S.K.: 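First the structure, which I've put down as structure tokens, then a few questions once you've had a look.
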Amino acid sequence: MPHTLGPPLTRFDVQSTDPEWSNQVLRNAYADFDVGLSGDPAGFRFAHTGTAAPGFAVAHVVYSMVAEFEVAAPGETVHVVSGCAGGSLGVRAGRETAGAEQGRPLLMPPERGWWNRLDDMAVDTVSLDMSLLDRAAHSLFGPEVGRVRFSSMLPVPGTAVRYWESALAHVRGAVLSDDEIAAHPLALAEAGRTLAGAALLTFPNSGLAGAGRAPRTDPAVPAVLRRALAYIEENAGTDIGIDDVAAAARIGVRGLQHAFRRHRGRTPLEELRRARLARAHADLLAGDPAGGESVAAVAARWGFTHPGRFAAHYHAEYGCSPAQTLRS
């Protein structure tokens, strides 16, 4: 049973061999759902352990049976699944499908429900109140961003996943696991802001899209790079090259290449390719193959004229083929 470690922190450790009771624990913790079970319940094992604090919770979930869930939209809470340590978890939300894999977090959008199938699953979860995310978004992107909305379950390309994992490891290891530190409300508030900020920088959302630039609070990114990234985002659908990006950033081509290698770990043209891949991904998600949309047409729309290379780059970024996304 949960026990309180000095307000406002609550630790919980729930163990059960009763599927029905365990499902109710999950409903209380995450969202309402309908469930279909298969397999022998005699060997069922469930665990829900973790810590809850104002605005957020971090937990580990073990669920040993095969189950399919139809989950209602949680409304005011975002749930991130990460740290898959065993079994499998497949998720579908709208036209998007994904699997929880080692090293890749998934975000469950609050605005709509989702379907998932799990088989002997062991995962970590992070739950974040929308109010906490909205405050973090205003700090990162400015108050004009309004209510933040997430547009994908999948993390943005690049180093975002490592950043999320680092932030979660810090909160879990340096804050929540230390009773003395976790007893301070201010420490918990900072931990919540850390996780909210990491989620906003890891998963596509209206704040990132509206900003069209690196977050204003990142002092490690020089102004020249912010100008280059903003230009790439705004002009990914036009015929631009590295000289155009350098001119917009007000720097020479060699200086631009050095800035990208140092701060982004890739070239300006690789950054442009990733921006166009993201737009192709969005078009494939929204496309209707029955209406005549094709992978080749989407690829060409965003400047990818070699089908094999496009498919390889796309698979490297999104873990599936363009055709699979279009058919989903």
Side-chain angles (χ1 to χ4, degrees), residues 29-33 54-57 69-82 91-98 100 104-116 125-158 160-161 163-164 167-168 192-218 226 229-230 232-234 236-237 274-288 317-319 325 328:
Y30 299 100
D32 193 21
F33 57 80
F56 73 97
F69 294 84
E70 289 284 350
V71 185
E76 291 299 313
T77 308
V78 166
H79 302 293
V80 180
V81 177
S82 61
V91 185
R92 181 178 68 242
R95 295 180 56 85
E96 198 171 30
T97 60
R104 183 174 73 165
L106 299 176
L107 179 139
M108 306 295 104
E111 299 90 357
R112 60 182 187 270
W114 64 85
W115 170 93
N116 60 33
T125 66
V126 176
S127 302
L128 299 163
D129 289 355
M130 281 303 305
S131 59
L132 178 63
L133 287 159
D134 285 339
R135 290 195 300 272
H138 294 169
S139 296
L140 282 169
F141 310 118
E144 64 275 8
V145 72
R147 166 53 63 97
V148 67
R149 295 180 65 87
F150 290 91
S151 56
S152 176
M153 295 189 296
L154 298 169
V156 298
V161 170
Y163 180 57
W164 168 260
L168 179 55
R193 278 191 285 270
T194 295
L195 290 175
L200 290 166
L201 296 176
T202 300
F203 298 97
N205 62 81
S206 54
L208 280 175
R213 59 183 185 274
R216 298 182 313 190
T217 55
D218 187 358
R226 292 199 298 271
L229 292 169
I232 288 172
E233 287 295 319
E234 293 166 4
R274 293 165 79 94
R276 289 172 172 166
L277 272 176
R279 286 155 176 76
H281 175 65
D283 283 359
L284 290 168
L285 285 172
D288 180 9
E317 292 291 341
Y318 298 104
T325 301
S328 64

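Please read all numbers here as calculations on a predicted model, not as lab measurements. Nothing fancy with the numbering, it's 1 onward along the sequence.
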S.K.: Going through the checks in order, is the side-chain contact (heavy atoms from CB on, under 4.5 Å) test met by Met108 and Thr77?
M.R.: CA-CA 9 Å; Met108 306 295 104; Thr77 308; over 6 Å; no
S.K.: Is there a donor-acceptor pair closer than 3.5 Å between any side-chain N or O of Asp32 and the backbone N or O of Ala72?
M.R.: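 Not a single qualifying donor-acceptor pair exists.
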S.K.: To the nearest 0.5 Å, tell me how far Leu128 CG sits from Phe56 CZ.
M.R.: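 Answer for the CG-CZ pair, Leu128 versus Phe56, is 8.5 Å.
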S.K.: Can you tell me how far apart CZ (Arg276) and CD1 (Ile232) are? Round to the nearest 0.5 Å.
M.R.: 9.0 Å
S.K.: Could you measure the distance from the CD atom of Glu76 to the CG atom of Asp134? Nearest 0.5 Å is fine.
M.R.: 8.0 Å
S.K.: For the CH2 atom of Trp114 and the CD atom of Glu96, what is their distance to the nearest 0.5 Å?
M.R.: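 Those atoms lie 13.0 Å apart.
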S.K.: One thing to verify: whether Arg226 and Glu233 come together as a salt bridge, which I'm taking to mean a side-chain N less than 4.0 angstrom from a carboxylate O.
M.R.: no
S.K.: Measure the spacing between CE of Met153 and CZ of Arg92 and express it to the nearest 0.5 Å.
M.R.: 9.5 Å
S.K.: Should Thr97 and Val91 be marked as a side-chain contact (heavy atoms from CB on, under 4.5 Å) after you check the CA-CA gap, both sets of side-chain angles, and the distance that decides it?
M.R.: CA-CA 6 Å; Thr97 60; Val91 185; over 6 Å; no
S.K.: Please list, chain by chain and in numerical order, all residues satisfying side chain to side chain contact (heavy atoms under 4.5 Å, CB included) with Ser82, sequence neighbours excluded.
M.R.: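 For Ser82 the side chain to side chain contact (heavy atoms under 4.5 Å, CB included) partners, ignoring immediate neighbours, are Pro105, Asp124, Trp164, Leu168.
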S.K.: Determine the minimum heavy-atom distance between Leu195 and Val126, stating which atoms define it.
M.R.: CD1-CG1, 4.1 Å
S.K.: Does Asp129 use its side chain to pair, donor to acceptor, with the backbone of Ser131 at less than 3.5 Å?
M.R.: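 No: the side chain of Asp129 does not pair with the backbone of Ser131.
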S.K.: Determine whether Val78 and Phe203 satisfy the following criterion, side-chain contact (heavy atoms from CB on, under 4.5 Å), listing intermediate values before the conclusion.
M.R.: CA-CA 11 Å; Val78 166; Phe203 298 97; over 6 Å; no
S.K.: If you take all heavy atoms of Leu132 and Ala196, which pair is closest and at what distance?
M.R.: CG-CB, 3.9 Å
S.K.: Measuring only between side-chain heavy atoms, which start at C-beta, is Tyr318 closer than 4.5 Å to Thr325?
M.R.: no
S.K.: Keeping the roles fixed (side chain from His79, backbone from Tyr30), state whether a donor-acceptor pair exists under 3.5 Å.
M.R.: yes
S.K.: Minimum heavy-atom separation for Gly197 and Ala136, please, with both atom names.
M.R.: N-CB, 4.2 Å
S.K.: Are side-chain heavy atoms of Leu154 and Leu106 found at a separation under 4.5 Å?
M.R.: yes
S.K.: For Thr194 versus Ala167, what's the shortest heavy-atom pair and its separation?
M.R.: CG2-CB, 3.9 Å
S.K.: Counting N and O atoms only, with roles assigned by atom type, does the side chain of Arg149 sit under 3.5 Å from a partner on the main chain of Ser206, one being a donor and the other an acceptor?
M.R.: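 Side chain of Arg149 to backbone of Ser206: no pair is present.
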S.K.: What distance do Phe69 atom CZ and Phe33 atom CZ have between them, rounded to the nearest 0.5 Å?
M.R.: 5.0 Å
S.K.: Can you list the steps and then say if Glu317 with Arg279 is a salt bridge (charged side-chain N to carboxylate O under 4.0 Å, His left out)?
M.R.: CA-CA 12 Å; Glu317 292 291 341; Arg279 286 155 176 76; over 6 Å; no
